[in-house]
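Inspection log for the structure reproduced underneath, given as structure tokens.
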Amino acid sequence: MADQVVAGAVSGSCNTIREAVCIHTRKIFSSCRDKDCIEDLRFYPTASAQSVLANAQCIRGGSAELLYTFVDVEPVNFNRGFYTVDIRFYYRITLQAMTGGTHYTEVEGLAAFDKRVVLFGSESNAKVYSSVPLANMVDMPLDLTANLPIAVVSAVDPILLCARFADNCNCNCPCNCSVLTGVPEGILDAFDEPIIFDENIIRRIYVSLGQFSTVSLQRDTQLLIPVYDYCVPSNDCTLASLGNCAEDPCKVFEGVDFPVDEFFPPNSIASDSDSSGGSAGSCGCN
């Protein structure tokens, strides 16, 4: 059995490795990635958007923005170490409605998507306490919940694939047209107008989105890692004036290069291998 590496100075290794140190960080126990094609999501318009859509002749796609993602973790019964991760995505959808001739009017609304994944998050019976203070808090109640892993969801703004009109509960899904409930106030406040959750609306809109995301389960743990050196900043700080124009602003502007790429699109995009200058090198030792 090989000798266990302990914290301290490292000898007989790469000259660049100074020592082995123990750090407290989050370890990823399992992760997954998804490419979801989300069909027939109910579009809930704003008040002004609903008045436009009531008389619209047709609609066409616009854009979709991911507003927020809520995540919940629960243990899986009879399968130790595994957990379900329930995720709800909230989107701001912008569409274009034709109201006459060739004139299109932009309309906004809300859509939500729920998904669930199962990942391995290991087990821990330790009760963890910390002395990190919280701002504006005097007495914090004890958290007596189970020591669950932390779920981390990374996602980008989705691609709006299509949008269409449909009569009340006349969608491709098995009549899954129940009203969206439990929308947090923070999501509703992201819109300038109230969202219409009226189930009596006959003419409804459904959108299809393409969503890329990754999900991971993490736990706080202590890891032993090699240390090369301290992270000493190499750049000098640039002092900024406090609005008194101590330096001629026009001379400062003269030193700014003209952003050619912002005005003229490039003829080609450099690949990752081109930008990295070839394959990555190695340490040079075992």
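Just so it is clear, the values below take in all heavy atoms, side chains as well, and ignore hydrogens, waters and symmetry mates. Count residues from 1 along the sequence.
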- Message: If I compare all heavy atoms of Ala155 with all of Gln211, which pair ends up nearest, and what's the gap?
- Response: CB-NE2, 3.7 Å

- Message: Looking at every non-hydrogen atom in both residues, tell me the closest pair between Lys115 and Ser213 and how far apart they are.
- Response: NZ-OG, 3.9 Å

- Value for CG (Asp40) from CG (Leu209), rounded to nearest 0.5 Å, stands at 10.5 Å

- Query: Can any side-chain N or O of Arg18 pair as donor or acceptor with the backbone N or O of Tyr230 at less than 3.5 Å?
  - Reply: no

- Query: Quick one: salt bridge (Lys or Arg N to Asp or Glu O under 4.0 Å) partners of Glu65, sequence neighbours excluded?
  - Reply: Arg92

- Stepwise side-chain contact (heavy atoms from CB on, under 4.5 Å) test for Asn79 and Val118: CA-CA 11 Å; Asn79 203 347; Val118 177; 5.9 Å; no

- Message: Measuring from atom CD1 of Ile93 to atom CD1 of Ile205, what distance do you get when rounded to the nearest 0.5 angstrom?
- Response: 11.0 Å

- So, for Leu160 and Gly62, which heavy atoms are closest and what is the spacing to 0.1 Å? CD2-N, 3.1 Å

- What do the steps show when you test Val117 against Asp34 for side-chain contact (heavy atoms from CB on, under 4.5 Å), and what is the final call? CA-CA 10 Å; Val117 300; Asp34 258 339; 4.2 Å; yes

- When rounded to the nearest 0.5 angstrom, what distance separates CG in Leu95 from CG in Leu53? 7.5 Å

- Tell me, with the steps shown, if Ile150 and Arg26 meet side-chain contact (heavy atoms from CB on, under 4.5 Å). CA-CA 9 Å; Ile150 299 171; Arg26 287 183 186 176; 3.5 Å; yes

- Task: Check whether any side-chain heavy atom of Thr25 lies under 4.5 Å from a side-chain heavy atom of Asp220, and answer yes or no.
- Result: no

- Note on the structure: Rounding to 0.5 Å, atoms NE2 (His103) and CE (Met98) come to a distance of 10.0 Å

- Closest heavy-atom pair and its distance - Tyr90, Gly182: OH-O, 3.7 Å

- Task: Kindly indicate, with the supporting measurements, whether the criterion side-chain hydrogen bond (donor to acceptor under 3.5 Å, both in side chains) is fulfilled by Gln218 and Ser216.
- Result: CA-CA 6 Å; Gln218 308 174 4; Ser216 65; 3.2 Å; yes

- Item | Interatomic distance, Leu66 atom CG to Phe212 atom CZ [nearest 0.5 angstrom] | 14.0 Å

- Side chain to side chain, Asn55 and Thr99, heavy atoms closer than 4.5 Å: no

- On a heavy-atom basis, the closest approach of Pro75 and Tyr83 is CA-CD2, 3.4 Å

- Task: State, with a plain yes or no, whether a side-chain heavy atom of Ile187 is found less than 4.5 Å away from one of Phe70.
- Result: yes

- Item | All pairs passing salt bridge (charged side-chain N to carboxylate O under 4.0 Å, His left out) where residues 73-91 contributes a residue, at least two apart | Arg80-Glu123, Asp86-Arg116, Arg88-Asp114

- Heavy atoms of Phe29 and Gly121 approach each other most closely as CB-CA, 4.2 Å

- Query: Do Arg219 side-chain atoms and Asn147 backbone N/O form a donor-acceptor pair below 3.5 Å?
  - Reply: yes

- Task: Go through the steps for Leu161 and Cys37 under the test side-chain contact (heavy atoms from CB on, under 4.5 Å), then give the verdict.
- Result: CA-CA 9 Å; Leu161 301 176; Cys37 182; 3.8 Å; yes

- Enter the distance from Tyr91:OH to Ser63:OG here, rounded to the nearest 0.5 Å. 13.5 Å

- Message: Measuring only between side-chain heavy atoms, which start at C-beta, is Cys32 closer than 4.5 Å to Leu119?
- Response: yes

- Query: More than 12 non-hydrogen atoms from neighbouring residues, nucleotides or ligands closer than 6.0 Å to CZ on Phe197, yes or no?
  - Reply: yes

